[in-house]
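As structure tokens, the structure follows; a few thoughts come after it.
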Amino acid sequence: MRPYTSQIIKEVHVTDSAPVIEIRDLHKSYGALEVLKGVDISAPAGHVVSLIGSSGSGKSTLLRCTNLLEDSQSGDVIFCGESVIWKGRGLGRKPGDRGQMIRIRTNLSMVFQQFNLWSHMTILQNVMEAPVTVLKRDKAEVEEAARAYLAKVGIGDKCDAFPAQLSGGQQQRAAIARALCMEPQALLFDEPTSALDPELEQEVIRVIKDLAAEGRTMLIVTHDMRLAADVSDHVVFLHEGKIAEEGSPDAVFGQPKTERLRGFLSATAA
């Protein structure tokens with residue numbers, strides 16, 4: 001297990017034994033289409049869990065359900081030992097405590113595939129916006145932290161640039177700095193390199209590897225098997241909304257047990 005660098009939790013009480021993220025028997029449907037069919041995942045503090053699988057297997061949906069960007073129909077979402085409170089049932093189920101939902105979301109920073117930077121703001125303003133407006137933190141302190149995080153991801157000289165003036169790799173690194181500036185308990189990555197060409201992809205991979213080496217808790221949806229093998233403590237292979245196989249990177253990539261996983265790895269290596 002990697003050494004864990006504890007992060008400040010805003011109004012969240014963490015027990016030593018509780019995983020940062022825990023999903024139990026999660027089901028998610030879009031109308032009659034069931035996308036997640038009873039998924040269980042646990043991400044202890046300081047661990048990196050990678051989700052792999054074919055398009056449509058439910059990886060990104062699971063990530064969005066974890067961050068409460070999508071409503072699930074049954075099952076438990078637990079953050080640092082605190083279960084999400086629900087109201088309603090089935091397709092009508094929604095988070096039942098808005099304060100809790102906001103608290104959990106601000107502690108699970110998400111990095112999206114398409115960067116989602118505000119085009120009319122500088123890179124520094126993009127990174128500062130949520131901590132200042134959502135968390136109501138002191139602007140001067142946030143600016144100092146934002147500059148430090150931009151330097152950390154290797155674009156400290158781009159503070160006054162606008163997103164359109166940056167390469168895709170630089171924009172994604174800015175998005176990572178924005179996520180870090182929220183001082184989250186965990187980072188969620190949704191295909192962070194799939195929109196980049198191979199050269200720019202490596203810029204982002206280096207940053208993710210550095211974060212993993214620091215012992216940050218991360219849940220990563222990725223198509224990059226080498227990244228998953230290099231940074232993960234645990235790898236989960238999803239197939240048609242279910243966990244078909246999971247285990248350590250050595251076990252999943254070196255000794256796959258199921259024909260489904262062997263076929264998937266063979267296709268991605270081609």
Side-chain angles (χ1 to χ4, degrees), residues 1-28 35-36 38-51 58-89 93-112 116 130-131 134-137 175-176 178-190 192 208 211-212 214-222 231-236 238 243 246:
M1 176 177 171
R2 299 185 179 94
Y4 175 58
T5 304
S6 62
Q7 303 292 310
I8 296 173
I9 307 292
K10 298 164 283 294
E11 302 179 44
V12 175
H13 302 287
V14 186
T15 63
D16 291 337
S17 59
V20 177
I21 299 167
E22 189 172 7
I23 304 296
R24 297 178 183 170
D25 195 27
L26 199 71
H27 290 254
K28 165 67 179 177
V35 179
L36 298 175
V39 175
D40 297 274
I41 285 180
S42 179
H47 278 222
V48 179
V49 177
S50 289
L51 308 177
K59 307 183 302 298
S60 293
T61 299
L62 176 59
L63 206 66
R64 294 174 68 85
C65 287
T66 300
N67 201 34
L68 305 181
L69 293 174
E70 295 272 3
D71 297 326
S72 52
Q73 277 65 67
S74 65
D76 296 311
V77 177
I78 305 166
F79 176 68
C80 295
E82 179 182 358
S83 295
V84 171
I85 298 168
W86 302 99
K87 64 179 180 181
R89 293 184 178 182
R93 188 170 91 150
K94 305 282 184 184
D97 184 329
R98 178 172 172 78
Q100 181 195 50
M101 179 180 69
I102 293 172
R103 189 169 67 245
I104 289 175
R105 279 183 180 169
T106 57
N107 279 278
L108 294 174
S109 286
M110 193 154 175
V111 178
F112 298 90
N116 290 0
V134 177
L135 301 182
K136 309 300 182 184
R137 287 167 50 192
I176 293 172
R178 178 180 60 185
L180 290 170
C181 205
M182 290 292 286
E183 303 292 346
Q185 184 69 5
L187 293 164
L188 309 180
F189 289 88
D190 189 7
I208 294 173
L211 295 173
E214 291 177 3
R216 292 184 180 269
T217 307
M218 296 191 286
L219 195 58
I220 304 175
V221 169
T222 183
V231 305
S232 303
D233 296 286
H234 194 75
V235 180
V236 176
L238 283 169
I243 296 177
E246 61 181 312

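Only this structure's heavy atoms are used, side chains among them; waters, hydrogens and symmetry mates stay out. Everything quoted here is computed from the prediction, not taken from an experiment.
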Quick one: CD1 on Ile41 to CD1 on Ile243, what's the gap to the nearest 0.5 Å? 5.0 Å

Between the side chain of Asn67 and the main-chain N/O of Leu63, is any donor-acceptor distance below 3.5 Å? no

The criterion is side chain to side chain donor-acceptor pair (under 3.5 Å); which residues satisfy it with Ser60, sequence neighbours excluded? Asp190

Determine the minimum heavy-atom distance between Ala186 and Val20, stating which atoms define it. CB-CG1, 3.9 Å

So OG of Ser109 and CG of Leu187: to nearest 0.5 Å the spacing works out to 6.0 Å

Closest approach of Val77 and Cys65, non-hydrogen atoms and distance? CG2-O, 4.2 Å

Pro131 and side chain to side chain contact (heavy atoms under 4.5 Å, CB included): which single residue from Glu183, Arg137, Arg178 fits? Arg137

Rounded to the nearest 0.5 Å, how far does CZ of Arg105 lie from CG of Leu69? 5.0 Å

Search all heavy atoms of Val231 against all heavy atoms of Ala212 and return the closest pair with its distance. CB-CB, 4.0 Å

What do the steps show when you test Ile21 against Leu188 for side chain to side chain contact (heavy atoms under 4.5 Å, CB included), and what is the final call? CA-CA 11 Å; Ile21 299 167; Leu188 309 180; 3.9 Å; yes

Checking side chain to side chain contact (heavy atoms under 4.5 Å, CB included) for the pair Phe189/Val221: CA distance, chi angles, key distance, verdict? CA-CA 6 Å; Phe189 289 88; Val221 169; over 6 Å; no

In short, Asp71 meets Pro95 closest at the heavy-atom pair OD1-CD, 3.3 Å

Quick one: pull up NZ in Lys28 and CZ in Arg64 and give me the separation to the nearest 0.5 Å. 9.5 Å

State, to 0.1 Å, how close Gln100 and Val84 come at their nearest heavy-atom pair, and which atoms those are. OE1-CA, 3.5 Å

For Arg24, give me all partners under side chain to side chain contact (heavy atoms under 4.5 Å, CB included), at least two apart in sequence or on another chain. Glu22, Asp40, Asp76, Ile78

Within the distance-only criterion (no hydrogens, no angle test), does the side chain of Ser232 pair as donor or acceptor with the backbone N or O of Val49 below 3.5 angstrom? no

Pairwise side-chain contact, Leu211 with Ile176, heavy-atom cut-off 4.5 Å (strictly under): yes

Could you give the distance from NE2 (His234) to CG (Leu51), rounded to the nearest 0.5 Å? 9.5 Å

Quick one: CG on Asn107 to CE on Met182, what's the gap to the nearest 0.5 Å? 8.0 Å

Results of side chain to side chain donor-acceptor pair (under 3.5 Å) for Ser72 - residues two or more places apart only: Arg93

In short, Gly58 meets Leu36 closest at the heavy-atom pair O-CD2, 3.5 Å

